[in-house]
Undergrad: 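Input: one structure, supplied below.
Residue numbers start from 1 in every chain, and the chains themselves are labelled A, B, ... in the order their sequence lines are given, proteins ahead of strands.
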Amino acid sequence: MTTHMTLRVNGSDHDIAVEPDTLLLDALRYECGLTSAKLGCGTGDCGACTVTVDGEAVNSCLMYVLECEGHSVETVEGVTASGIGAVVAEEFVKADAVQCGFCSPGIIMSTCALLARTEPGAATDEDIKEALAGNLCRCTGYLPILDAVRRASGAPR
Amino acid sequence: MSAEESGPYLNVGNRLIRRDAAERLTGHTTYAEDIRLPGVLYGVLVPSLVAAGRLRGINVDRAVALDGVVKVLTAKDVTDRCYGNYVKDQPIFARDRVRFVGEPVAMVAATSLAIARRAAGLVEVDIEATTPVVDPREALTSAEVLVHDRDTNVIEDVHISRGDVDAVFDTAHAVVHTEIESHRAHQAYLEPRAVTAAPAPGGFSLIMSTQQPFGVRAQLAELFDLPTGTIEVRVPAIGGGFGGKLHLLFAPQAAAMTLATGRPVQIVCSRAEDMTTGNPRENSIVRMSSAVDESGRILARRCDVVLDAGAYAMDTPVLTSMAAFYATGPYRIDALDIRGRAVYTNTCPTGSFRGPSGPQMVYAAEAQIEDIAQQLGLDPAEVRRRNFIGEGDRGPTGELITLRGTTDECMRVVESRLQRWRQADVAPGDHRRRGYGLACAWWSTLGTPSAATVELHEDGTATLSSGGTEIGTGAISTALPSMVAEELGLRPDRVILKSGGTRDAPYDSGSRGSRTMFATGNAAVLAARAVAEQIRNEASRLLEVDPADLVLREGRVEVKGAPETGMTIAEVSASAHLHSGPVVATGRYRAELAPVEGSELQGARFLRLGEPTFHCHGVEIALDEETGRVDVLNFVAVHDVGRVVNPVGARGQVEGGVVQGIGYALTENLKTNDQGVIVNGNFHDYRLPTIADVPPNIETVFIETNHSHTGPFGAKGLGEPPVILPAAAIGSALRDVLGVQPYQLPLDADRVVLTIAERDSHPVPGPPGSTARPPEPEVEK
């Protein structure tokens, strides 16, 4: 039951062959060669697979890739290349908000989705915590992440 | 490259920016699963579904018949040698018997993961289930249910004795008893365990998420009877480990499949597999008694620790010794009778988790201090102060302590914060009760062997080759090159790191035991010093001055006191390459094994702290007495780890460790039912702290006046200590509110409510909360 589809990722179209049950995560990793999104749990509990679809953060391990036809998917490789995503990544570096890095792409994507729906400087700590509560990090203890997101939120866009 | 990255010449002790941070944050770092070799087969393990039983037969016909299946392996297809870090008790696939739910009995390799999974489900396993033993108390005494073909389930029995304990107990002012039970907790690194094996001339290579590639190589060489050099272990970035990636994981199974098929084979655990077949922190029972004088001075201690090893030994033998060792806490006790035992049960094997045996031993030792204080009507901080161990004292095994003891200094900082928090106003309408607690500990820095090579190139840049494993702390990626740069008078960005496995560097004993900065760092610094000497010798020839009069600084070799006389390091290196040879040296390090005196030691595998680190944590909690919910409002972590090489990285270790410690204390609990089944082996039911759960402020303080005599730039190890204290500090804070503290971990809402109910149903005479439970019988001897 292999079908062909066009998946738009980071502004580029990928013509890929997929099964009806191919997950967005697997399509990104193994069909598009973008391995930033990680399989941490496969049940939507850890957020390591977070990407955005039309700007909204989703767990790509819970979404079929066929649902994404005609929509725009972004991964951390794309969003950190320029603009606010690059600012976010830089603030994470400055705050030492990365250790093993396995959760980082997902956390940056959740952050970018938050910043896309809030005005500069408007995100409160509660907003940040709500936006990132689905992203587990086992290394940092979260405080530098909180700090980095606060700074990125305040940065001009 | 940012300005900060090129940095000042003198960088140790300054804020270092992680060299590998940007790459990790932008998704360009490669982890084990990200690498799919051409022609790779996907390996899926067939687990035992029962905790104990006789394996009567395995029928693989239906699996083999499935299109896309290349091979199915069972015990009869592989060597009957077993493996294990200390006790070789684990088969590649269960042979004749199964011993825990999740134990591999077979493995399928197929051309796609989906096919491999389907085929694994078609393997028919015929097991005659037998009664499992899942409770360590039962396993300790049972002669009927034996997990292995031995006459007892006890696999490790350690004694540390010192002084005349019986005489002291007989004449003591008071005897205080404390007994605690602790639970299992999973490392819960975000990257599930992953390994890829591939054929290589004469052997095989691995791409593996492991904390100790050289240990993996040595054990696999023995298991498969191959020369060590025919096995290569490559370690890409690791998505966290915390001790959970120290053992062989599923490398033996992947390697066996590669040897059988001649093709690359990848095994990536699902989260459920990872959490049900890993090596979580062991559950344990700690019984402790102290004989004390009127002032609270501890004159003698008895302790009996039982660790649940699960079905295979893994790291438990050494953890048993560590548990016994840490029974004193950071206190000088001259008479000791400590017994540590580990027992097999038909449960998932347990093992190393950051600060192994630490959290429960600190909890027990600190609860005991609080019990002593309560029983004698003393201030617990004062009791601690009267007992702290320090320079010139001997530790439990008779190791001479050669550094100033600074636990008191750490505790004074914590006490000042607790006092400030007590005075702060509570928001109107907040009905929760506040509690304030603290805990003290000491810990070791593992001094196991490392070598590292430094080569200075013709252009004055250098390469550091280290077999150390960058587990995410930045110690390898950032601190080590910075230390080498400092020794060579180079900017940090002039030192290029080569690491990540066994191929490009000499031996290193892995990322564990808080050792990387210290021991791997020492090897790198020793190599750098030898290179610096070669440069001084060459410059001495060129400048016609005594090498002892030359210094390397800011990229130059200069005459001391006459900095205008000198050459660039690049010029000297180029000259050396032409005239005396390449500028290269290997440093090798193993911490000296100091003598231990005055204790009788039986079966002990962990004898020395090396240079101890000292610690105190303090916490403010809010307790909702209706629900039992505990929230951490404020936290302070004070550590003496000698000189801090990278303050920002060190703070990250402390904050991350504290939050893991809070998780262990309050919400994390890997539960096994009476059939040996782990019932919450997933991230939904196993509750890790999220960003919404962490305290708004974790203050990190370093006492930096007590430099190590032997560590690089005076550094000691930091990785583990932050995780071992939070549970004990929170327990102490609960006692502050309730007058009693739970003696069973975790301190979750259920436990807290039970503790309150128990307190209220057993009113005790004396001052409020004078003892937390009825008197207990003395520890068995």
Undergrad: Begin from the C-alpha positions of A/Asn10 and A/Thr75 and carry the test side-chain hydrogen bond (donor to acceptor under 3.5 Å, both in side chains) through to its verdict.
TA: CA-CA 7 Å; A/Asn10 300 330; A/Thr75 70; 2.9 Å; yes

Undergrad: Find the one option among B/Val694, B/Asp274, B/Val659 whose heavy-atom pairs under 4.5 Å with chain A are most numerous.
TA: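 Maximum pair count with chain A is reached by B/Val694.
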
Undergrad: Flag this pair as yes if the NZ/CZ of A/Lys38 is under 6.0 angstrom from the six-membered ring centre of B/Tyr31 and inside a 45 degree cone about the axis; otherwise no.
TA: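 Judged by the rule, A/Lys38 and B/Tyr31 form no cation-pi pair.
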
Undergrad: Is A/Thr43 close to chain B through its backbone or its side chain, or both, or neither, when contacts mean heavy atoms under 4.5 Å?
TA: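 No part of it gets close to chain B.
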
Undergrad: One thing to verify: whether A/Asp147 and A/Arg150 come together as a salt bridge, which I'm taking to mean a side-chain N less than 4.0 angstrom from a carboxylate O.
TA: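 Yes, this pair counts.
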
Undergrad: Using non-hydrogen atoms and a 4.5 Å limit, figure out which bit of A/Leu132 sits close to chain B: side chain, backbone, both or neither.
TA: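 Answer is both: backbone and side chain atoms of A/Leu132 are under 4.5 Å from chain B.
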
Undergrad: Is B/Arg651 salt-bridged to A/Asp96, cutoff N-O under 4.0 Å?
TA: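 No, no charged N to carboxylate O under 4.0 Å.
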
Undergrad: What part of B/Thr29 gets closer than 4.5 Å to chain A, counting heavy atoms only: side chain, backbone, both or neither?
TA: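 It is the backbone, since no side chain atom gets that close.
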
Undergrad: Looking at A/Glu130, A/Gln99, A/Lys129, which one has more heavy-atom pairs under 4.5 Å with chain B than the rest?
TA: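 Top count of heavy-atom pairs under 4.5 Å with chain B: A/Gln99.
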
Undergrad: Side chain, backbone, both or neither: which part of B/Gln187 has a heavy atom under 4.5 Å from chain A?
TA: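 Only the backbone of B/Gln187 comes within 4.5 Å of chain A.
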
Undergrad: Identify which part of B/Glu470 has an atom lying under 4.5 Å from any heavy atom of chain A, answering side chain, backbone, both or neither.
TA: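 No part of B/Glu470 comes within 4.5 Å of chain A.
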
Undergrad: Where on B/Val648 is there a heavy atom nearer than 4.5 Å to chain A: the side chain, the backbone, both, or neither?
TA: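 The answer is both parts of B/Val648.
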
Undergrad: If we only count heavy atoms from C-beta on, is the A/Glu19 to A/Thr2 side-chain gap below 4.5 Å?
TA: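 Side chain of A/Glu19 against side chain of A/Thr2, heavy atoms only: contact under 4.5 Å found.
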
Undergrad: Given the options A/Leu136, A/Ile145, A/Asp21, which has more heavy-atom pairs under 4.5 Å with chain B than any of the others?
TA: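 The residue among A/Leu136, A/Ile145, A/Asp21 with the greatest pair count is A/Leu136.
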
Undergrad: Within this structure, what is the CD1-CG distance for the pair B/Ile238 and B/Leu190, rounded to the nearest 0.5 Å?
TA: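 If I round to the nearest 0.5 Å, the distance is 14.0 Å.
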
Undergrad: Which of the residues A/Cys100, A/Cys41, A/Ser36, A/Ala97 is involved in the greatest number of heavy-atom pairs with chain B at under 4.5 angstrom?
TA: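 Between A/Cys100, A/Cys41, A/Ser36, A/Ala97, the count favours A/Cys100.
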
Undergrad: Are B/Tyr42 and B/Arg36 linked by a side-chain donor-acceptor pair shorter than 3.5 Å?
TA: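 Side chains of B/Tyr42 and B/Arg36: pair found under 3.5 Å.
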
Undergrad: Pick one of side chain, backbone, both or neither for B/Ala237, based on which atoms fall under 4.5 Å of a heavy atom in chain A.
TA: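 For B/Ala237, there is no contact with chain A at all, as no heavy atom is under 4.5 Å.
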
Undergrad: If you measure from the Lys or Arg side-chain nitrogens to the Asp or Glu carboxylate oxygens, is any gap between A/Arg138 and B/Glu668 under 4.0 Å?
TA: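 Counted as a salt bridge, because a side-chain N and a carboxylate O are separated by less than 4.0 Å.
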
Undergrad: Is the shortest side-chain N to carboxylate O distance from B/Lys245 to B/Glu191 below 4.0 Å?
TA: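 Answer for the salt bridge query: yes.
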
Undergrad: Heavy atoms only, distances under 4.5 angstrom: which of A/Ala89, A/Cys139, A/Ser104 has the most pairs with chain B? Name it, please.
TA: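 Among A/Ala89, A/Cys139, A/Ser104, the one with the most close pairs to chain B is A/Cys139.
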
Undergrad: Using heavy-atom distances under 4.5 Å, tell me whether B/Ile698 contacts chain A through its side chain, its backbone, both, or neither.
TA: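 The answer is both parts of B/Ile698.
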
Undergrad: Might you confirm whether atom CZ of A/Arg157 has over 12 heavy atoms from other residues, nucleotides or ligands at distances under 6.0 Å?
TA: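 Above 12, so yes.
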
Undergrad: Given a strict heavy-atom distance threshold of 4.5 Å, which part of A/Ala95 is in contact with chain B: side chain, backbone, both, or neither?
TA: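 It is the backbone, since no side chain atom gets that close.
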
Undergrad: Examine whether an atom of B/His28 lies under 4.5 Å from a heavy atom of chain A, and if so say whether it belongs to the side chain, the backbone or both; otherwise answer neither.
TA: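 For B/His28, side-chain heavy atoms alone lie under 4.5 Å from chain A.
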
